[in-house]
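For the single chain, residues carry numbers from 1 onward in sequence order. Note that the coordinates shown come from a computational prediction; the quantities given were computed from them, not determined experimentally.
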Amino acid sequence: MLANELLATRLAESVGLPVPVTDIVEVREWLIKNTPELRVDLAGLSSHCKSGLQFGARYVCDPAEGQVLITSRKACFLK
């Protein structure tokens with residue numbers, strides 16, 4: 001999925017579509033273990049997100065809030 005998301009974003013940028021800033025980010029095991037929000041709960045089962053290289057996209061938010069989130073489909077975390 002990482003390659004698909006990155007390719008789609010780069011193609012969209014190349015034709016002038018508005019897309020968020022994206023990059024490849026490394027999500028470390030420590031971050032996953034110490035961030036409760038990095039758990040996926042599905043059908044009564046809970047598991048941690050995976051560490052490693054992930055697709056990261058800047059979350060567009062109200063500038064007055066002053067907080068920027070980096071998100072990924074595999075892992076979501078504050079930067």
Side-chain angles (χ1 to χ4, degrees):
M1 195 124 42
L2 174 69
N4 293 341
E5 292 170 336
L6 185 61
L7 179 61
T9 302
R10 297 297 189 250
L11 286 172
E13 287 174 336
S14 71
V15 296
L17 294 174
V19 293
V21 176
T22 61
D23 208 345
I24 304 300
V25 295
E26 182 179 357
V27 179
R28 297 188 180 189
E29 189 67 35
W30 181 91
L31 180 65
I32 294 169
K33 287 183 179 180
N34 292 286
T35 308
E37 292 85 3
L38 294 180
R39 295 187 66 82
V40 176
D41 297 317
L42 183 63
L45 301 174
S46 181
S47 63
H48 288 285
C49 294
K50 293 185 178 183
S51 61
L53 296 178
Q54 305 290 347
F55 173 82
R58 188 170 302 207
Y59 180 78
V60 180
C61 65
D62 182 356
E65 293 176 15
Q67 187 176 39
V68 176
L69 296 174
I70 306 298
T71 64
S72 168
R73 289 186 183 197
K74 294 181 182 176
C76 300
F77 55 94
L78 292 174
K79 183 175 182 181

Run L38 and L31 through side chain to side chain contact (heavy atoms under 4.5 Å, CB included) and show every step you take. CA-CA 8 Å; L38 294 180; L31 180 65; 4.0 Å; yes
Is L17 reachable from L11 through a run of hydrophobic residues whose side-chain heavy atoms are each under 4.5 Å from the next? no
Within this structure, what is the NZ-CD distance for the pair K50 and E29, rounded to the nearest 0.5 Å? 11.5 Å
For the residue pair V19 and A12, what are the closest heavy atoms and their distance? CG1-CB, 3.6 Å
For residues S46 and V40, determine if any side-chain heavy atom of one lies less than 4.5 Å from a side-chain heavy atom of the other. no
I'd like to check V25 versus L53 (side-chain heavy atoms, cut-off strictly below 4.5 Å). Are they in contact? no
Measuring from N34:CG to R28:CZ, what's the distance to the nearest 0.5 Å? 13.5 Å
If you measure from NE2 on H48 to OG1 on T35, what distance do you get to the nearest 0.5 Å? 10.0 Å
Please give me the minimum heavy-atom distance between C49 and R39, naming the atom from each residue. SG-N, 4.4 Å
Which residues end up grouped with L42 if you chain together Ile, Leu, Val, Met, Phe, Trp and Tyr wherever their side-chain heavy atoms are less than 4.5 Å apart? none
Shortest non-hydrogen separation from T9 to F55 and the atoms involved: OG1-CZ, 3.5 Å
Minimum heavy-atom separation for T22 and E13, please, with both atom names. OG1-OE2, 4.5 Å
